[in-house]
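It should be emphasised that the depicted structure is a prediction, and the values quoted were computed from it without experimental measurement.
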Amino acid sequence: MTLVLATILLPLVGAAVVAGMKKNDRLATLTALVVSLLTFLLVIPMWASYAPSGDRIQQKSSMDWIPNFGIHISFGIDGIALVMIAVIGLLVPIVVGALGLTDKLPAGRSAGGFLSLILVQEALTIAVFAATDVFLFYVLFEIMLIPMYFLIGGYGGANRQYAAVKFFLYSFLGGLIMLASAIGAYSLASDKLGKGSFDWETLVTVVRDAPLGTQIWLFLGFFLAFAIKAPLVPFHTWLPDAAGQAPVGVAVLLVGVLDKVGTFGFLRYCLPMFPEASKELAPWVLVLAVAGVLYGSILAAGQRDMKRFIAYVSIAHFGFIALGIFTFNEQAMVGSVSYMLNHSLATGMLIVVVGLIVMRGGSTRISDYGGMAKVTPLLGGMLLIAGLSTLSLPGTNSFISEFLVLLGSFVDYPVYTIIATVGMVLAAAYVLWLYQRVMQGPVRGDALIGAGGGPGTAMAPELGATKAIKDLGGREIAILAPMVVLIIALGFYPKPVLDTITPSVQATMSSLDAQSVNVGGAK
């Protein structure tokens, strides 16, 4: 059994065990935490054994599933998939450990049910990134919607059912269109090889030689599914609703991990399988990417709800990622892949910190807070660190990603790049605006928990209504500490990540017959 397969099976087994602990929330939480930590520990030797200079796909495992149609249960990883599996392995223990600190389960709901769905979501998401059979990828792409649907619809906010259904229908429809294109690629393989195949490596060699018109139609099927998942403007409307209604821990996985399946799909499927179509349609995709940067930034600045604010910030960031991918420049593409990792860390931490704020104040509205740093200085510091990483301040992890995207994309698309830099300016404005409104100024807040008056009663300057609010405790610090360490460490030393992903990016670039530029020292 490969390490990749073990990281998929372990959370599934853990989910089955945790699901049976409906009457003991404490034991269910502890068991889920142990399982998620063991899964993360498996990622360490997986990373250590990965050879960046070796084969494109490593840690392979395969078994027949439907052999008459050339369908296999096949898994393997490249550097891009490895990075995303690693961030999943990191975030899930944080989500499990934060249960009760960032979210309260609805009445009548057990921790066992919630955490079993989290572990199933982890297993399916890892499997999506590791799948090397296109039909298997499609099946997992659709199935992974199910636990997320129940997590949002069963444990979310007041409008959770609407948000869950919207999320499911958008992604499910995109998946069906992708299936049509996958069948088209299978038919091309059948015509050329005499037998159909869904093997990714086989389809890359077959489909890339198809006529441009055929490539464009097949490309659009995959692209639409991934553009919805990413999400790119104008396919983004499900994200603010889903992220706004999802529990905090679920939002961490939704915005921090699940969305990356879309940008991963661009790199793994759209570019290598349909290189000529990718080049032909790239200018249109770049328009969507730049529009997403500006649109997400402007709407983020106007949000009154903190969770919806984060959703629109993410839409802007996904525009940057798409910009780097579809400029077909290696520096920009490496920046995009590292942005996928760094966005997960920065946004994951920001969502957790917002959850801690909301648990203290009882409201997601920005206007219900003010001056909290005077009462909770550690929490204020954590919000500042997460915010600075989100706006890509030099010295934080996101800076090198954004810098590489802009540096690489400027070579061939200076106009798009200059427009996108406006998003950087807006990012500084809206992140600092959020911090100033929530943490600075006079201490106030209608919804904050304390001994003061009811709604509508402002806090006294002497902190009257906030005396009951506590700063971060030991458990909360332990949850946030890994993300803080990585944000700072990768800000000053991103080389291990860049060296891991660069060969995979170079392999993707070679499929486009594009010129490579060495990044991060990898050969």
Side-chain angles (χ1 to χ4, degrees), residues 1-50 58-65 72-77 81-82 84-100 105 109-133 136-152 154-155 247 249-250 252-254 256-258 261 479 482:
M1 180 187 296
T2 65
L3 289 170
V4 175
L5 194 56
T7 60
I8 297 170
L9 294 178
L10 180 58
L12 288 177
V13 174
V17 174
V18 171
M21 300 178 178
K22 295 183 178 180
K23 296 183 179 180
N24 193 329
D25 286 357
R26 183 179 180 85
L27 180 60
T29 303
L30 180 60
T31 303
L33 182 60
V34 170
V35 170
S36 61
L37 287 172
L38 289 175
T39 303
F40 176 67
L41 290 177
L42 287 175
V43 176
I44 297 175
M46 187 193 305
W47 192 299
S49 62
Y50 179 78
Q58 301 178 29
Q59 295 275 343
K60 295 179 181 179
S61 63
S62 181
M63 60 179 292
D64 288 341
W65 185 13
H72 301 81
I73 298 177
S74 301
F75 296 107
I77 56 169
L82 175 60
M84 294 316 305
I85 292 172
V87 79
I88 299 167
L90 173 69
L91 290 179
V92 172
I94 291 172
V95 168
V96 174
L99 183 62
L105 296 177
R109 299 280 186 172
S110 67
F114 178 83
L115 293 172
S116 64
L117 288 171
I118 291 289
L119 292 176
V120 170
Q121 188 68 67
E122 178 182 25
L124 292 175
T125 308
I126 291 173
V128 164
F129 286 115
T132 57
D133 182 279
L136 175 66
F137 174 83
Y138 159 74
V139 171
L140 293 168
F141 184 89
E142 299 286 44
I143 291 179
M144 74 174 183
L145 304 177
I146 297 173
M148 184 58 66
Y149 168 81
F150 285 111
L151 285 166
I152 298 173
Y155 300 89
V250 177
V252 169
L253 299 182
L254 177 65
V257 178
L258 242 66
V261 174
I479 289 168

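Interatomic distance, CG of Leu33 versus CG of Leu115, reported as 9.5 Å (0.5 Å rounding). Note that CG of Leu99 is 8.5 Å distant from CD1 of Ile118, once rounded to the nearest 0.5 Å. Summarising the geometry, atom CG belonging to Leu3 is positioned 14.0 Å from atom CZ belonging to Phe75; distances are rounded to the nearest 0.5 Å. To the nearest 0.5 Å, the span separating CG on Leu151 from CG on Leu254 amounts to 10.0 Å. In this structure, CD1 on Ile143 lies 9.0 Å from CG on Leu136, to the nearest 0.5 angstrom. Rounded to the nearest 0.5 angstrom, Met21 CE and Leu30 CG are separated by 8.5 Å.
No side-chain donor-acceptor contact under 3.5 Å links Glu122 to the backbone of Gly89. Asp133 places no side-chain N or O within 3.5 Å of a backbone atom of Ser74 that could act as its donor or acceptor partner.
Proximity of Lys60 to Thr2: side-chain heavy atoms (C-beta onward) are nowhere separated by under 4.5 Å. Proximity of Val43 to Ile88: side-chain heavy atoms (C-beta onward) are nowhere separated by under 4.5 Å. Contact check for Thr39 versus Val92: no side-chain heavy atoms found under the 4.5 Å cut-off.
Between Pro247 and Tyr155, the closest heavy-atom pair is CG-O, 3.1 Å. Among all heavy-atom pairs drawn from Leu124 and Pro147, the shortest one is CD1-CG, 3.9 Å. Contact record, Gly97 with Ile479: O-CD1, 3.3 Å, taken as the closest heavy-atom pair. Shortest non-hydrogen contact noted between Ala130 and Val4 is CB-CG1, 3.6 Å. Of all non-hydrogen atoms in Leu90 and Pro482, the two that sit nearest each other are CD1-CB, 4.3 Å. Considering all non-hydrogen atoms of both residues, Leu119 and Val18 come closest at CD1-CG2, 4.1 Å.
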Given Val139 and Trp65, is the side-chain contact (heavy atoms from CB on, under 4.5 Å) satisfied, shown in steps?
CA-CA 12 Å; Val139 171; Trp65 185 13; 4.0 Å; yes
Does Met144 form a side-chain contact (heavy atoms from CB on, under 4.5 Å) with Val261? I'd like the steps, not just the answer.
CA-CA 11 Å; Met144 74 174 183; Val261 174; 3.8 Å; yes
For side-chain contact (heavy atoms from CB on, under 4.5 Å), just list the numbers for Ile94 and Val252, CA-CA rounded to whole Å, side-chain angles, deciding distance to a tenth of an Å, and then say yes or no.
CA-CA 9 Å; Ile94 291 172; Val252 169; over 6 Å; no
Show your reasoning for whether side-chain contact (heavy atoms from CB on, under 4.5 Å) applies to Ile146 and Val120.
CA-CA 10 Å; Ile146 297 173; Val120 170; over 6 Å; no
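Tyr149 pairs by the ring-ring contact (aromatic ring centres under 6.0 Å, His included) definition with Phe168, not counting sequence neighbours. For Tyr50, the ring-ring contact (aromatic ring centres under 6.0 Å, His included) criterion is met by no residue, not counting sequence neighbours. By the ring-ring contact (aromatic ring centres under 6.0 Å, His included) test, Phe141 is found to be paired with Phe137, residues two or more places apart in sequence or in another chain being considered.
No hydrogens or angles considered: a donor-acceptor pair under 3.5 Å links the side chains of Ser49 and Gln59.
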